[in-house]
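Data first, discussion second: the structure below is written as structure tokens.
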Amino acid sequence: QRLIVITWMMSTINLSGKMFTFPQQTSTAHVKLSTTREDFSAVTACLRSFTDLSRNHILFSLATPSAANDFLLFKKAAAGQIEVYARDVTAVFDGQEYKLNAWLSVCATWDSASGLEQLWLNGKPSCRKFTSAGSNITGHTIITLGQEQDSHGGGFDAKQSFVGMISDVHMWDHVLSPCEISRYMDNLNFTPGNVLNWRELDFQIIGRVLLEEKQNICY
């Protein structure tokens with residue numbers, strides 16, 4: 001276990017079996033994920049999270065200079081509601097079984113050609129909803145865990161911060177098939193992200209975030 005309370009940099013690291021722990025509500029502590037990609041016509045982002053938060057909180061935030069919410073996963077305080085943004089346009093997915101104090105597997109997809117988004121939670125797909133079509137995500141990409149970007153790389157609000165644990169973050173530049181998403185959800189042998197890969201992750205930790213061994217319950 002390692003407590004990090006200052007900004008620090010790391011190069012490519014295999015985080016298999018690890019998790020980021022965000023132990024308190026702040027407007028500063030976050031993890032910045034690095035990518036050199038600056039043009040996306042489609043996105044799939046997946047992660048596993050564990051929290052007891054019942055308020056609004058961020059799960060995944062991708063911003064560019066032209067759009068603070070270029071691709072965003074956001075849990076609403078309202079029971080069962082998760083928002084997915086693309087190009088600053090949101091779709092609300094209702095009826096989601098977002099359980100507290102349990103590991104959840106979350107994936108979201110968006111395709112600029114159709115403008116359709118879809119959310120997957122613990123292996124269950126949502127209906128497909130329209131947000132934004134015909135315009136790619138372009139520009140210098142900043143991706144954060146733990147804080148929601150209301151501006152490019154900043155504008156953090158403690159009341160939207162994430163408190164809990166996050167692991168197994170992957171991002172692809174295309175829409176994964178339902179079978180591929182199911183393999184991720186079931187933690188089977190899946191093709192890792194070609195934009196963000198938990199097994200080869202470039203990241204920067206700012207503030208009080210812990211990099212720990214992932215907790216597994218033994219019976």
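Values below: all heavy atoms of this structure, side chains included; hydrogens, waters and symmetry mates excluded.
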List the atom of [X], the atom of [Y], and the distance in Å for their closest heavy-atom pair.
X	Y	value
Leu119	Ala108	CD1-CB, 4.3 Å
Val175	Val43	CG2-O, 4.4 Å
Arg55	Ala158	NH2-O, 3.6 Å
Ala113	Ala133	O-CB, 4.2 Å
Lys75	Gly80	NZ-N, 4.0 Å
Asn101	Phe50	C-CZ, 3.4 Å

[X] vs [Y] side-chain heavy atoms within contact, under 4.5 Å:
X	Y	result
Gln160	Ile58	no
Leu196	His170	no
Met171	Ile143	yes
Phe40	Asp70	no
Leu104	Asn122	yes
Leu59	Phe162	yes
His152	His140	yes
Thr26	Gln147	yes

Given 3.5 Å as the limit, does a donor-acceptor pair link the side chain of [X] with the main chain of [Y], or not?
X	Y	result
Thr44	His174	yes
Ser112	Ser41	yes
Arg208	Thr28	no
Ser161	Gly146	no
Thr21	Pro23	no
Thr141	Arg37	yes
Lys76	Glu83	no
Asp173	Asn194	no
Ser61	Gln149	yes

Within 45 degrees of the axis of the six-membered ring of Phe130 and under 6.0 Å from its centre: does Arg87 put its NZ or CZ there? no

Rounded to the nearest 0.5 Å, what separates atom [atom1] in [X] from atom [atom2] in [Y]?
X	Y	atom1	atom2	result
Ser27	Lys159	OG	NZ	11.5 Å
Ser132	Asp111	OG	CG	11.0 Å
Cys107	Leu47	SG	CG	7.5 Å
Trp110	Ile137	CH2	CD1	4.5 Å
Leu15	Lys214	CG	NZ	12.0 Å
Glu212	Ser167	CD	OG	11.0 Å

Decide yes or no on side chain to side chain contact (heavy atoms under 4.5 Å, CB included) for Ile13 and Leu201, but give the supporting numbers first. CA-CA 5 Å; Ile13 290 180; Leu201 196 67; 5.8 Å; no

Run the ring-centre check on Trp198 versus Phe20 and record whether the distance is less than 6.0 Å.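 Distance test on ring centres: under 6.0 Å, yes.
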
Centroid-centroid under 6.0 Å between Phe22 and His57 rings: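 Ring centroids of Phe22 and His57 are no less than 6.0 Å from each other.
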
Would one find more than 12 heavy atoms of other residues, nucleotides or ligands at under 6.0 Å from atom [atom1] of [X]?
X	atom1	answer
Gln24	CD	yes
Lys32	NZ	no
Glu97	CD	no

Check the hydrophobic clustering (I, L, V, M, F, W, Y; side-chain heavy atoms under 4.5 Å; chains of links allowed) and say if [X] and [Y] are grouped together.
X	Y	value
Leu62	Leu73	yes
Leu145	Trp103	no
Tyr98	Phe74	yes
Leu121	Leu72	yes
Val84	Val89	no

Using a distance-only test with no angle check, is there a side-chain donor-acceptor pair under 3.5 angstrom linking Asn14 and Ser16?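 The criterion, which ignores hydrogens and geometry beyond distance, is satisfied for Ser16 and Asn14.
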
One thing to verify: whether Lys18 and Glu213 come together as a salt bridge, which I'm taking to mean a side-chain N less than 4.0 angstrom from a carboxylate O.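 Answer for the salt bridge query: yes.
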
List the steps, then state whether side chain to side chain contact (heavy atoms under 4.5 Å, CB included) holds for Asp150 with Phe156. CA-CA 6 Å; Asp150 284 331; Phe156 302 149; over 6 Å; no

The single option from Leu211, Ile206, Val209 passing side-chain contact (heavy atoms from CB on, under 4.5 Å) against Val31: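 Result for side-chain contact (heavy atoms from CB on, under 4.5 Å) with Val31: Val209.
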
Candidate pair Arg48 and Tyr184, rule side chain to side chain contact (heavy atoms under 4.5 Å, CB included), full reasoning: CA-CA 10 Å; Arg48 306 190 209 282; Tyr184 171 87; 3.5 Å; yes

